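This is a predicted model, so every value here is computed, not measured. In listed order, ligands and their atoms are each counted from 1.
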Amino acid sequence: MSKSHITLSKSSNLKNKPESTSLGFGRYFTDHMFKVSYSVKKGWYEPQVTPYQALQLDPGASVLHYGQALFEGMKAFRMQGGRCAMFRPDFNWNRMTEGAARLCMQAPPKDLFIEGIKALVKIDKDWIPSEKGCALYIRPTLIGTEAFLGVRPAEEYLFFVILSPVGSYYSEGTKPIKIWVEEEYIRAAPGGLGATKAAANYATSLRAAQEAKKSSYSQVLWLDVNREYVEEVGTMNVFFVFDNEVVTPSLDGTILGGGTRDSVKTLLQSWNVPVVERKIKLAEIREGHKSGRLKEMFGTGTAAVISPVGELAAKQWQIVINNNQTGPIAARLYEELTGIQNGMRPDVFNWMDWID
Ligand SMILES: Cc1ncc(COP(=O)(O)O)c(C=O)c1O
């Protein structure tokens with residue numbers, strides 16, 4: 001399906017755009033959306049950019065009963081000089097495709113995914129903020145729409161994309177955040193959905209995150225099913241700096257492999273900073289803090305970019321990392337990554353995909 005097949009219907013009622021200082025995360029939506037449907041009989045059909053509007057769903061739609069829902073999180077940036085580009089959309093397409101296979105869903109082909117998003121971002125490109133730390137967040141979503149109550153994979157799907165201009169993910173901005181080590185609930189178990197961006201994983205996570213927030217922690221650090229190894233933070237992958245080595249949990253099926261995580265590994269390798277993927281015991285982090293080997297901890301994610309962690313706490317203990325300051329590795333990664341995304345630094349890995 002080529003992009004010339006995407007029909008455009010412009011909104012006649014454009015919204016007022018918010019001030020970039022009041023953006024926060026995910027509060028505002030742009031004027032348009034992209035959508036395309038799939039059925040076993042027709043394949044993918046009627047790709048269209050339309051005014052942002054409510055969806056029409058049959059109450060029997062499989063997403064509402066058996067949770068066939070997957071989403072992605074990406075960003076588009078206004079680059080130095082005014083042109084616009086997205087960061088690594090192929091990574092997100094790949095992850096959605098792998099998630100769709102696990103949930104027995106039909107993922108859109110790569111061309112349709114990328115050309116649909118480009119057509120949408122292009123029409124709403126005045127919504128891309130240009131201030132440092134701001135971007136246009138892109139939310140591609142895939143849901144089962146077939147009205148049928150038997151428990152089996154749906155034969156009809158809707159892929160849609162909405163956009164939201166965003167600022168900083170955390171109210172702390174780029175200052176270190178506080179993370180709660182979750183010892184009661186778990187996010188994922190071996191053999192489950194943890195490696196996918198299934199909506200179900202976020203439903204699972206809400207209770208722990210809500211309890212952590214009540215105690216003024218930004219997010220939780222998930223542990224494995226035996227509460228022994230660290231996995232990831234609510235919406236970020238995690239990295240630890242032990243002496244001069246950077247360590248991140250290996251992807252064993254329970255962790256969502258992030259595009260930011262992958263980019264951070266690539267950047268560190270290009271700087272000849274040793275970076276290792278392996279299992280990391282919670283006890284090793286506490287011992288590393290005691291001995292002074294633990295220099296930094298930070299999270300990585302599309303929304304949060306690079307987020308230093310200044311405090312880690314559980315029911316029985318609490319540690320302050322790097323005097324609650326942003327460490328040199330997190331700071332360098334933040335500058336480099338946002339520099340590439342804003343066109344201030346050379347894009348040597350070809351991560352930016354031009355929209356116009
Ligand atoms: C659970 C979880 N882990 C990790 C990440 C980081 O992934 P990415 O860097 O692709 O945004 C996210 C955010 O999307 C997430 O929700």
S.K.: Among all protein heavy atoms, pick out the one at the shortest distance from atom 11 (O) of ligand 1; state its residue, atom name and that distance to 0.1 Å.
M.R.: Thr302 OG1, 2.6 Å
S.K.: When you measure from atom 7 (O) of ligand 1 to each heavy atom in Ala188, Gly258, Gly73, which option holds the nearest one?
M.R.: Gly258
S.K.: Any carboxylate oxygen within less than 4.0 angstrom of a Lys/Arg side-chain nitrogen, looking at Arg152 and Glu146?
M.R.: yes
S.K.: For ligand 1, which atoms sit closer than 4.0 Å to a heavy atom of Tyr202?
M.R.: 1 (C), 2 (C), 15 (C), 16 (O)
S.K.: Is there a side chain to side chain donor-acceptor pair (under 3.5 Å) between Thr50 and Lys35? Walk through the geometry before answering.
M.R.: CA-CA 8 Å; Thr50 68; Lys35 58 183 181 181; 4.8 Å; no
S.K.: Step by step, would you call Ser9 with Gln48 a side chain to side chain donor-acceptor pair (under 3.5 Å)?
M.R.: CA-CA 8 Å; Ser9 136; Gln48 48 189 308; over 6 Å; no
S.K.: Under a 3.5 Å threshold, yes or no: a donor from one side chain and an acceptor from the other, between Tyr217 and Glu211?
M.R.: no
S.K.: Treating Glu296 as the side-chain partner and Pro308 as the backbone partner, does any N or O pair qualify as donor plus acceptor under 3.5 Å?
M.R.: no
S.K.: Of Ser205, Gly299, Gly259, which has the heavy atom at the shortest distance from atom 8 (P) of ligand 1?
M.R.: Gly259
S.K.: Nearest protein heavy-atom contact for atom 12 (C) of ligand 1: which residue, which atom, what distance?
M.R.: Thr235 O, 3.2 Å
S.K.: Which of the atoms of ligand 1 are close to Gly301, meaning less than 4.0 Å from one of its heavy atoms?
M.R.: 6 (C), 9 (O), 11 (O)
S.K.: Please confirm whether Thr300 comes within less than 3.5 Å of ligand 1 when only nitrogen or oxygen atoms on both sides are compared.
M.R.: no
S.K.: Are any of the N/O atoms on Arg187, whether in the backbone or the side chain, positioned under 3.5 angstrom from an N/O atom of ligand 1?
M.R.: no
S.K.: Compute the minimum heavy-atom distance from Gly234 to ligand 1 and say whether it is under 4.0 Å.
M.R.: yes
S.K.: Starting from atom 14 (O) of ligand 1, locate the nearest protein heavy atom and write down its residue, its atom name and how far away it is, to 0.1 Å.
M.R.: Lys197 NZ, 2.7 Å
S.K.: Going by the order shown, which atoms of ligand 1 are within less than 4.0 Å of some heavy atom of Asn237?
M.R.: 4 (C), 6 (C)
S.K.: Could you find the nearest protein heavy atom to atom 2 (C) of ligand 1 and give me its residue, atom name and distance?
M.R.: Glu232 OE1, 3.3 Å
S.K.: Going by the order shown, which atoms of ligand 1 are within less than 4.0 Å of some heavy atom of Leu256?
M.R.: 2 (C), 3 (N), 4 (C), 5 (C), 12 (C), 15 (C)
S.K.: Check whether any N or O atom of Thr260, backbone or side chain, sits under 3.5 Å from an N or O atom of ligand 1, and answer yes or no.
M.R.: yes
S.K.: Salt bridge check: are Glu232 and Arg187 linked by an N-O gap of less than 4.0 Å?
M.R.: yes
S.K.: What is the minimum heavy-atom distance between Ala76 and Ile355, and which atoms define it?
M.R.: CB-CD1, 4.1 Å
S.K.: Could you tell me, atom by atom, which parts of ligand 1 come under 4.0 Å of a heavy atom of Arg95?
M.R.: 7 (O), 8 (P), 10 (O)
S.K.: I need the contact type for Asn92 against ligand 1. Using non-hydrogen atoms and a strict under-4.0 Å cut-off, is it side chain, backbone, both or neither?
M.R.: neither
S.K.: Regarding Glu335 and Lys132, does a basic nitrogen lie under 4.0 Å from an acidic carboxylate oxygen?
M.R.: yes
S.K.: To the nearest 0.5 Å, how far apart are OG1 in Thr302 and CD in Glu72?
M.R.: 8.0 Å
S.K.: Do Thr300 and Thr248 come close enough that some side-chain heavy atom pair is under 4.5 Å?
M.R.: no
